[in-house]
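The structure appears below as structure tokens.
These figures come from a predicted structure and were not determined experimentally. Basis for what follows: all heavy atoms, side chains included, without hydrogens, waters or symmetry-related copies. In what follows, every chain begins at residue 1, and chains take the letters A, B, ... in the order their sequences are listed.
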Amino acid sequence: METTMAATRIDRGSTPTTAIYSEGGELVFERTFAAPRELVWRAFTEADRVSRWWGPRGTTTTVVEMDVRVGGTWRYLSHAADREDVTFYGEYLAIDPPAEFTWTFMFDVEGVGPMGGPETHTFEDLGDGRTRIRTISNMGSPEAIDGALATGMVKGAIETWDRLEELLAEG
Amino acid sequence: MDMQPTDPLSTTFAALADPTRRAILARLADGEASVKDLSAPFDMSQPAVSKHLRVLERAGLIERGRQAQWRPRTLRAEPLRDIAEWLDRYRQHWEGSYDRLDDYLRDLQETKEHRDGDDDGSDTHRPG
């Protein structure tokens, strides 16, 4: 794995499949998938594919809109039996198919307002039919990352990527 | 001098990042106090403590009393409640549990040092 000059890379509970670490206010998830990069790109950028894997197990996702171009907006609705629907939304800030895109990942919190920040997904072609996905979420501060991790999000995030893996295996 | 906040809670998190400020909040959780009282436990000058108090005030975590001449500082709970709301939304989406979140929020309220996040249920913690 390449190393960076960043002073403080802190492991945040990596699992056998997924590296999870933080650098300052950025939370990073990294995992290698046995699928070509073009297929991974489509899983992230085509609405009918996104709806088949996005979100933890036990949830379903409706893609309300996704206009995959710089300045375009996206909106997903996440359903689960035991809670109200949650809307996630944002704007595509940068797109470089099939290698990388950056969007804002936002949701509204009652009494607080919109929360979230920029999130970059990179898709690295490993040259052997596999692709390494790296998701970098800008949470703003290490303290915000502490809070986010305390919600048990790692389990949900890994389930989400397990579902992605299953979709990619279907081709 | 400060970076532009990226969201409504970034100012709160920035204010909570410092152990002295967390200790001040912990003291104020027991009731209002003067700057002199708040400075007493710390090996630092009153102006240094006042600087921390200004950060907390800007973040909306404390306010100055109006009535008394000594302007006692009091804790404002709203920003901490906002953090709790945000995290609960997060937990819901990720289908997470309350177990660790409760601990985290308790620590936040009591403004202790954060525990290291190492008990997410997985038994391996190796990088990469």
Counting heavy-atom pairs under 4.5 Å to chain B, which of A:Gly113, A:Ser78, A:Ala80, A:Ala144 comes out on top?
A:Ala144
A:Glu124 and A:Thr131: side-chain donor and acceptor closer than 3.5 Å?
no
Other than A:Val64, what residues sit in its cluster of Ile, Leu, Val, Met, Phe, Trp and Tyr side chains whose heavy atoms are under 4.5 Å apart, directly or through others?
A:Leu77
For residues 156-171 of chain A against chain B, heavy atoms under 4.5 Å, the residues are A:Gly156, A:Ala157, A:Thr160
For A:His121 and A:Trp103, take the angle between the two ring planes, folded into 0 to 90°, and tell me which bin it lands in: parallel under 30, tilted 30 to 60, perpendicular over 60.
perpendicular
Would you say the rings of A:Tyr89 and A:Phe105 are close, in the sense that their centroids are separated by under 6.0 Å?
no
Less than 4.0 Å between a side-chain N and a carboxylate O, is that true for B:Arg64 and B:Glu57?
yes
To the closest 0.5 Å, what do you measure between CG (B:Leu38) and OG (B:Ser50)?
9.5 Å
Pair B:Ile83-B:Phe13, side-chain contact (heavy atoms from CB on, under 4.5 Å): steps then yes or no:
CA-CA 9 Å; B:Ile83 287 178; B:Phe13 278 120; 3.9 Å; yes
Residue A:Asp82 versus chain B: region with a heavy atom under 4.5 Å
side chain
ILVMFWY clustering at 4.5 Å (side-chain atoms), partners of B:Val55:
none
Would you say the ring centroid of B:His93 lies under 6.0 angstrom from that of A:Phe88?
yes
Report, in residue-number order, which members of residues 31-58 of chain A are under 4.5 Å from chain B by heavy-atom distance.
A:Trp54, A:Pro56, A:Arg57
Distance alone, cut at 3.5 Å: any donor-acceptor contact between the side chains of A:His79 and A:Thr61?
no
